[in-house]
Amino acid sequence: MIKKLLSKQETKHQLKSSHEYSQASFTWVISLTLTVILLLNSFDFTGGTIKPWVFTAFAVYALFTIIQIIITLLIRRDLRSQGEIRRSTRILGYIQLLSIVTGNLFTVTFGFNLIKKQKPPEYTIAVYMLLTQLFVIAVSALNLFKPYVSNTFLPAMATLLIMAIIQLVALILVARYVKTNYAHPRMIWLAFPIILTAVTGNIFALVLGINLLAKIRKNGNPAMTRWGDVWVKLTANQTAMSGLFFVVFLFCLSVSSLFTFDYSIAIDNNYSAILQPPSLAYPFGTDNFGRDLFSRIVFGARISLIVGFASTAIPVIIGGVLGAISGYYGRHTDNIIMRLLDVLYAIPGILLAIAIIAAFGANTVNLILALSVGAIPTYARTMRANVLLVSTFEYVDAARAFGSSNFSIIFKHIVPNSLAPMIVKSTLTIGAAVISTSSLSYLGLGVEPHIPEWGNILKIGSTYLETHSYLAIYPGLAIIALVLSFNFLGDGLRDALDPKLD
Amino acid sequence: MGGTEAARPNRLISSISSTYSKILLNPSYRYLLLLLGAPVNLVVFLFYLVQRKKDDYAAAENRIRSEMLAAGYLEALRTEIMEQQKRKHGFFKQKVNEGQLRQEVDKIVQARFQEVLKERTGKELKLNQQKRLTMADTFGSLIENPLFFIISLIPGLLMYILIFLYSNPYLKYILERLVMTVFVIFGVAVLVFTILHLSPFNPAANILGETATPEQIAAFNKMHGLDQGYLTQLWNNIKGIAYFDLGKSFSGNEEITSSIARKFPITLTLTVISLIIAIAIALPIGIISATRPNSFFDYTFMFVALLGLSIPNFWQGLIFILNFSIKLQWLPATFNPENWLSMIMPVIVLGTGLTASVARMTRSSTLEVINEDYMITARAKGLGKRTILMKHAVRNAIIPIITVIGLQFGGMLGGSAVTEKVFNISGIGSYIVDKQFIPDIPAIMGGVVYTAITISLVNVIIDILYAFFDPRIRSKMKQY
C-alpha cells in the first residue's frame with residue numbers, strides 16, 4: 001500500500017518536473033483551442049455553408065493537434081515506465097516540425113524542444129530567430145497576390161531569404177557545437193554574421209550573437225553571469241518566449257515592411273475596391289476608401305511600437321532619475337520631490353493626457369509626451385523604494401569610503417543594482433501604453449487621423465460595425481495580441497529577474 | 001467616589017500639559033501651536049520670563065560664573081586661544097594685524113566660555129536633581145490652576161483642539177492625511193489650469209468662427225475673464241472649484257458645475273456597480289487559484305485574467321454591441337438611465353480590467369501568505385480548511401488587494417471616458433472629451449479636478465480603513 005502510494009507520488013513528481021511534459025500539455029491545449037476557433041469560423045452560420053479555405057486550415061490544425069495529443073500521451077507513458085523520454089518518442093518531434101507550414105508557433109517550438117535532449121539557451125534563441133525570419137518572409141510574401149508590389153520588394157525578399165539560410169545554418173551549428181557550459185571557439189566566426197542579420201530588426205539574432213560571444217569568452221568557467229542566468233530562465237518559459245516572439249516578429253516586420261510593403265496601398269484611396277471582403281489580394285479586406293486593411297495594420301504596428309516604447313522610456317528615465325535622487329538624498333529633497341509627484345499621481349493618466357492634448361493639439365509627439373507625464377510618478381516610486389533598499393548595502397558604504405562623489409555612487413553603484421524592478425514594470429506597462437494610444441486615437445485625441453494607426457483603423461471600423469465588422473475585429477485582435485505578448489513577457493521577466501515587487 | 005471625580009480633570013490637565021510639551025519638541029507642529037494659541041502663549045511666555053529670573057538655573061549659573069572668573073579661567077583661556085590662532089596664521093602664512101587678531105580671539109573665547117559654563121551648570125543641576133525651567137513647565141504649572149484653564153479656554157480654543165488632535169494618534173494621522181489631500185488637490189488645480197493656460201489655441205476664435213471681428217473676440221474674452229492675468233484667472237478658477245461655481249461654459253451657455261453635477265453621478269454609479277461586481281468575481285477566483293497553484297483551473301483563470309488586462313475597453317464594447325445588440329438583439333446598444341438592461345454591457349466592459357488585476361493580485365498575495373509558519377500552526381491546531389483560509393490567509397493577504405482596488409478605482413474613473421463614448425453615456429468622461437476640442441478651459445478643469453478630488457478622497461478613506469483593518473498598521477501608527 002505504502003509502496004504504491006510512494007510510487008504514485010514519484011510519478012506525479014516526475015511528470016511535474018519534466019519540462020517536456022508540461023510544455024506538451026500546454027501545447028496541445030493551445031493547439032486545440034486554435035483548432036476549435038478555426039472550426040467555428042469555417043461555418044457561415046447565416047448561410048449554412050462551409051468556407052473551404054478555413055475548413056482546410058482547420059483540418060490541418062486538427063491533424064497536428066491529434067499528433068500532439070499522441071506525443072503527450074507517449075511522453076507520459078515513458079516518464080511513468082522509465083523516468084525519461086525514449087529516443088523513439090523524441091524522434092516524433094520531427095513530425096511536429098512540419099507544422100511550420102500551418103504557422104502554428106506552439107507545435108513547431110515544441111517539436112524543436114522535443115528533438116533535443118540538452119537545450120542550452122542559445123539553441124532556443126536560435127530556433128526563435130529562425131522562426132521569426134520565416135514568419136516575416138511568409139507575411140511579406142502575401143504581397144505577391146497584390147496587383148502590384150513595391151520596387152524594393154524583390155531584392156528585399158532575396159535578402160531576407162539569404163539571411164534565413166544563414167540563420168538555418170547557424171541553428172544547425174548551434175545545435176551541434178554549443179553545450180550548456182561550452183561553445184566551440186570557432187563559433188566566433190558564426191557570431192558576427194548572425195549579429196549582422198539583426199539589421200532587419202530580428203532581436204533574437206542580436207541576442208544569440210552576444211550570447212555566443214559571451215559563452216566563448218568564459219569557456220570552461222562554470223560561473224553564471226546575471227545576463228546568462230536570465231536567458232536560461234526566460235528560454236525555459238514557453239509563454240514568455242511566445243510573447244517575446246510576437247514582439248520581435250512585429251518589430252522585424254515593421255522594419256522589413258519599409259522595403260517589402262507598399263505604403264501607397266495602405267493610404268491611397270482606391271475607389272474601385274471599396275469595402276472588399278477578405279481575399280488573397282486583401283487578406284483582411286479593404287475599408288471605405290478602398291485601402292488594404294492588412295497593409296494598414298502592418299504599418300500601424302510601427303506607430304504602436306514607437307509610441308509604446310517612447311512613452312515608456314521617457315518616464316522610466318525621468319522618473320528613475322527623480323526617484324534615485326529622492327531615495328538617495330532623503331529628508332527634504334525626498335519630501336519635496338515626492339510631494340510634487342503626488343500631485344501628478346492624483347490625476348488619472350488618461351484624463352491628464354486628455355487635458356494635455358486639449359491644450360496642445362492632437363499629434364503623435366504630443367501623445368507621447370502626454371502619456372509620459374502621467375507615468376512619471378509610478379516609476380519614481382518604484383525607483384525610490386529600490387534605491388532606499390540598495391543604498392543600505394555595504395558596497396555603497398565602501399564606495400563612499402573610497403571618496404566617490406554622490407553622483408558616481410548613485411549612477412555607478414546604486415542605479416545599476418536597482419534596475420530589475422524597473423525593467424519588469426516597464427515591460428508590463430508598455431502594453432498599457434499601447435492600449436492608451438489606441439484608445440486616445442479612437443477618441444480622436446491621439447495620432448493624426450490620416451496615419452494608419454490601430455486606433456484610427458478601429459475608429460473607421462466602428463462605423464461599419466453592422467455591415468463590415470471585420471474592419472473593427474482585425475485591428476482589435478492585433479492590439480490584444482501585442483498587449484498580451486508584452487504582459488506574458490513581463491510576467492516571464494518578473495519570474496526570471498525575481499525582484500521583490502510591491 | 002470623590003477621589004475618582006477629582007482625578008478625572010487632573011488626568012485631563014496632565015495629558016494636556018504633557019501633549020503641550022511634546023508638541024513643542026516637534027519641529028513642524030511647534031510653530032502651528034504657538035500661532036494658534038498666540039494669546040495664551042503670550043501670557044505663558046510672560047510668566048516664563050518672570051519665573052526664569054528666580055529659577056534655580058539662573059542662581060546656579062551666576063554662582064558658577066563667578067567661581068570660574070575667580071579661578072582666572074578666562075585669562076588662561078584667552079592666552080591659550082591667542083597662541084593657537086597665532087600658530088594657525090603662521091602655518092597658513094596669513095598676515096593679520098593686531099586689532100583683527102584680538103577681535104577673533106575675543107569671539108572664540110566668549111563662545112567657548114559660554115559653552116563651558118552651560119555644561120558645568122547642567123552638571124551641577126543634575127547633581128542636585130534640579131531642572132531648568134522650560135516654557136512647557138510654566139504652562140503645566142499654570143494650567144493646574146482651574147481658573148487659568150477656564151479663562152484660557154476661549155482665546156486658546158484652537159490650540160486646545162490641536163492638542164486634543166495631537167494626543168490621539170488616529171486623529172493626528174487622519175488630520176495629516178486630510179491636510180496632504182488638500183495640498184494635492186490645490187496642486188492638481190494649479191497644474192491643470194497651467195497646462196490649459198499655456199495652450200496655443202484661442203477659444204474665442206474657435207467658438208465665434210473665422211468671421212469674428214476683434215471687438216467680438218475682445219468682448220468674449222472680457223465676458224469669460226480671459227483678458228486678466230495668469231494669477232487672477234488661476235485664483236478665480238480655484239475659488240470657483242472651492243465654491244462649486246465655475247461660471248458659464250464657453251459654448252452652449254450652461255452652468256458648468258450644474259452640468260458636472262448632473263453627469264458625475266451617472267459615471268460614479270456605473271463605476272461603483274462594476275467595482276462591486278468585479279470584486280465579487282475576482283476575490284473567489286484569486287483565492288481558488290491560489291489554493292491550487294499550477295493546476296488547470298489556475299492556468300485557465302490566470303490566462304483569462306491576462307486576456308482581460310489586454311483587451312482595450314472600446315474594442316470590447318464594440319464587440320459586445322456587435323454580438324449582443326446587432327446580431328442577437330438581446331441588449332440595447334446605447335445607455336439609457338431608465339433601462340437597467342442597458343447598464344449590463346457598460347458595467348462589464350468597465351469592470352473587466354479591474355476584475356483581472358484584482359484576481360491576479362489576490363492570487364499572488366494569497367500565495368505569499370499561504371506558506372507562512374502561522375498557516376502550518378493553524379493546520380496543526382486542527383482548524384478547518386475554511387477557517388484557515390478565511391481567517392488566517394485572506395485576512396493577511398487583503399491589504400495589498402485593497403491598495404490595488406483603490407488605485408484601479410482611479411484608473412476606472414479616468415478611463416471611463418472611452419467606455420462612455422462607445423455606449424453613448426453622458427457621463428463626466430465624455431463631457432471632458434466633448435469640451436476638449438474648443439478647448440473649454442473651465443469645463444475641462446472642473447471635470448478633471450473634481451474627478452481627481454473624488455479619487456483622492458477615496459484613497460484617503462482606504463488609507464484610514466487600513467488602520468482599522470490591520471492591527472500591525474495600528475501599532476506602528478501609535479509608535480509614530
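Quick caveat, the model's predicted, so the values are computed rather than measured. Below, chain A is the first sequence line, B the second, and so on; all start at residue 1.
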Count the heavy-atom pairs under 4.5 Å between each of [options] and chain A, then report the option with the highest count.
{"options": "B/L196, B/L318, B/V184, B/L307", "value": "B/L318"}
{"options": "B/Q316, B/R360, B/K327, B/H197", "value": "B/R360"}
{"options": "B/V418, B/L322, B/I444", "value": "B/L322"}

Less than 4.5 Å to any heavy atom of chain B: does that hold for the side chain of [X], its backbone, both, or neither?
{"X": "A/L477", "result": "both"}
{"X": "A/F360", "result": "both"}
{"X": "A/L352", "result": "side chain"}
{"X": "A/Y345", "result": "side chain"}
{"X": "A/L340", "result": "neither"}

If you draw a 6.0 Å radius around [atom1] in [X], do more than 12 non-hydrogen atoms from other residues or ligands fall strictly inside?
{"X": "B/R292", "atom1": "CZ", "answer": "no"}
{"X": "B/F183", "atom1": "CZ", "answer": "no"}
{"X": "A/E466", "atom1": "CD", "answer": "no"}

Query - B/W315 side chain near A/L458 side chain, heavy-atom distance below 4.5 Å - result: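 SC-SC contact between B/W315 and A/L458 confirmed.
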Query - A/P348 and B/I455, any side-chain heavy atoms less than 4.5 Å apart - result: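 They are in side-chain contact.
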Can you see which heavy atom on [X] is nearest to which on [Y], and at what distance?
{"X": "B/P312", "Y": "A/I479", "answer": "CG-CG2, 3.5 Å"}
{"X": "A/A358", "Y": "B/S199", "answer": "O-OG, 4.5 Å"}
{"X": "B/A417", "Y": "A/I354", "answer": "CB-CD1, 4.3 Å"}
{"X": "A/V343", "Y": "B/V188", "answer": "CG1-N, 3.4 Å"}
{"X": "B/G414", "Y": "A/L351", "answer": "CA-CG, 3.9 Å"}

Given heavy-atom pairs under 4.5 angstrom as the criterion, report whether the side chain, backbone, both or neither of [X] touches chain A.
{"X": "B/M445", "result": "neither"}
{"X": "B/L198", "result": "both"}
{"X": "B/L306", "result": "both"}
{"X": "B/I453", "result": "neither"}
{"X": "B/P200", "result": "both"}
{"X": "B/I311", "result": "both"}
{"X": "B/L191", "result": "side chain"}
{"X": "B/V192", "result": "side chain"}
{"X": "B/F186", "result": "neither"}

Query raised in the report: What residue, out of A/V29, A/V434, A/I356, A/L484, has the most heavy-atom pairs lying under 4.5 Å from chain B?
Result: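 Among the listed options, the one with the most contacts to chain B is A/L484.
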Requested in this report: Using a cut-off of under 4.5 Å on heavy-atom pairs, state which of A/I357, A/I350, A/D491 scores highest against chain B.
Outcome: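 Among the listed options, the one with the most contacts to chain B is A/D491.
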Just verifying a value: how many Å separate [X] [atom1] and [Y] [atom2], rounded to the nearest 0.5 Å?
{"X": "A/S469", "Y": "B/I321", "atom1": "OG", "atom2": "CD1", "value": "13.0 Å"}
{"X": "B/M302", "Y": "A/T239", "atom1": "CE", "atom2": "OG1", "value": "13.5 Å"}
{"X": "B/S310", "Y": "A/N487", "atom1": "OG", "atom2": "CG", "value": "4.0 Å"}
{"X": "A/L443", "Y": "B/K421", "atom1": "CG", "atom2": "NZ", "value": "7.5 Å"}

Report task. Please assess A/S438 against B/F314 for the test side chain to side chain contact (heavy atoms under 4.5 Å, CB included), listing each intermediate value before the final yes or no. Result -> CA-CA 9 Å; A/S438 54; B/F314 64 101; 3.9 Å; yes
